[in-house]
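See below for the structure under consideration.
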Amino acid sequence: PITGRITVLKTKSKKFRSVFLGKRSRRALRKYLHHRAAVSGPLWVTKDGERLAYFGLRSLIRSRAHKAGVPAFSCSPDQQFRMVGFFNFV
């Protein structure tokens with residue numbers, strides 16, 4: 001059965017972590033990966049195909065939050081990621 005469970009391989013604590021994605025998020029992720037046409041490597045990449053750095057992801061999330069009308073707030077990018085519904089951007 002499809003559960004939406006994905007495994008994050010690299011975390012701050014260097015441990016594996018499971019994350020659950022809803023149907024819309026899974027669909028958006030599949031669309032993004034198809035567009036990217038990469039078989040493996042980092043999930044979020046720059047236009048040049050390099051790993052998107054912490055501050056690049058943070059900037060992207062803040063920009064999308066602003067466009068979506070989400071008021072500015074101070075929390076880590078992974079928390080912002082969940083709160084803003086970042087996959088809707090993809």
Side-chain angles (χ1 to χ4, degrees):
I2 297 175
T3 64
R5 179 180 176 202
I6 61 172
T7 302
V8 178
L9 300 179
K10 290 192 176 189
T11 63
K12 288 187 290 187
S13 63
K14 303 202 185 313
K15 295 181 181 177
F16 293 103
R17 179 176 176 177
S18 291
V19 178
F20 293 88
L21 302 177
K23 187 183 277 188
R24 281 180 64 188
S25 297
R26 291 192 309 267
R27 191 177 309 127
L29 181 59
R30 278 193 299 272
K31 184 178 176 182
Y32 169 73
L33 292 173
H34 178 75
H35 172 75
R36 222 182 80 191
V39 176
S40 63
L43 178 59
W44 303 112
V45 295
T46 65
K47 291 178 183 177
D48 298 327
E50 299 294 320
R51 179 184 303 273
L52 189 60
Y54 172 88
F55 291 105
L57 181 58
R58 179 177 159 181
S59 175
L60 201 64
I61 290 171
R62 285 186 175 190
S63 172
R64 295 302 298 176
H66 177 74
K67 288 179 182 178
V70 176
F73 49 87
S74 179
C75 60
S76 70
D78 60 326
Q79 290 168 323
Q80 290 179 30
F81 181 85
R82 291 189 298 271
M83 292 168 64
V84 176
F86 186 72
F87 281 112
N88 293 331
F89 156 78
V90 183

To the nearest 0.5 angstrom, please state how far the [atom1] atom of [X] sits from the [atom2] atom of [Y].
X	Y	atom1	atom2	value
Ser25	Arg30	OG	CZ	10.5 Å
Leu29	His34	CG	NE2	13.5 Å
Ile6	Arg17	CD1	CZ	10.5 Å

Item to check | For Lys47, all residues meeting side-chain contact (heavy atoms from CB on, under 4.5 Å), sequence neighbours excluded | outcome: none
Item to check | side-chain contact (heavy atoms from CB on, under 4.5 Å) partners for Thr46, two or more places apart | outcome: Asp48, Glu50, Leu52
Item to check | Partner residues of Thr7 under the side chain to side chain donor-acceptor pair (under 3.5 Å) criterion, sequence neighbours left out | outcome: none
